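First the structure, then my questions, so here it is.
Residue numbers count from 1 along this sequence. The model shown is predicted, which means the values in this text are computed figures rather than measured ones.
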Amino acid sequence: KFGIDTGVKVVYLKDGKLKKAGVKEGFIITKVDRESVSTPDELKSKLKGVNGGVLIEGYNANGEKEFIGVGF
């Protein structure tokens, strides 16, 4: 639908850092710090142990590309 072939769709989001930063359900995360992600496990691995922050790149539910900074 959005012309992408990889990414992780956020289906459910608990209160936490991602939600506070502006990530919403339906958002498709395609990259974390400019590195592609294609599975939930890969996403968890890239976020685990982060100290400081990350840049999340992806598409909102309307298909618009977004960049979201998340502090850890």
Original post:
Counting distance only, does the side-chain N/O of N62 pair as donor-acceptor with the main-chain N or O of E64 below 3.5 Å?
Top reply: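 No; zero donor-acceptor contacts below 3.5 Å.
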Subject >> Atom pair CD1/CD of I28 and E66 - distance to nearest 0.5 Å >> reply: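 I28 atom CD1 to E66 atom CD measures 11.5 Å (nearest 0.5 Å).
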Subject >> Interatomic distance, I29 atom CD1 to T6 atom OG1 [nearest 0.5 angstrom] >> reply: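 Nearest 0.5 Å value for the CD1-OG1 distance: 11.5 Å.
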**OP:** Determine the minimum heavy-atom distance between A21 and V70, stating which atoms define it.
**Re:**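 Residues A21 and V70, closest heavy atoms: CB-CG2, 3.7 Å.
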**OP:** Could you tell me which residues satisfy salt bridge (charged side-chain N to carboxylate O under 4.0 Å, His left out) with K19, sequence neighbours excluded, listed by chain and number?
**Re:**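 D15.
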Original post:
For the residue pair K31 and V37, what are the closest heavy atoms and their distance?
Top reply: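 Nearest heavy atoms, K31 then V37: N-CG2, 4.2 Å.
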Original post:
Do the side chains of V8 and Y59 join up, straight or via other hydrophobic residues, at under 4.5 Å, putting them in one cluster?
Top reply: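 Different clusters.
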Original post:
Same cluster or not: are V32 and F72 linked, directly or through other Ile, Leu, Val, Met, Phe, Trp or Tyr residues, by side-chain heavy atoms under 4.5 angstrom apart?
Top reply: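 Result: yes, single cluster for both.
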Original post:
To the nearest 0.5 Å, what is the distance between NZ (K9) and OG1 (T30)?
Top reply: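 Answer rounded to 0.5 Å: 14.5 Å.
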Subject >> R34 bridged to E57 by N-O distance under 4.0 Å >> reply: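 No salt bridge links R34 with E57.
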Subject >> Option from L18, V23, L43 for which side chain to side chain contact (heavy atoms under 4.5 Å, CB included) with V10 holds >> reply: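 Single pass found, and it is V23.
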**OP:** Under the side chain to side chain contact (heavy atoms under 4.5 Å, CB included) rule, what do I56 and F27 come out as? Steps first, then yes or no, please.
**Re:** CA-CA 11 Å; I56 293 180; F27 190 80; 4.0 Å; yes
Original post:
Closest approach of V50 and L47, non-hydrogen atoms and distance?
Top reply: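 Heavy-atom minimum between the residues: CG2-O, 3.2 Å.
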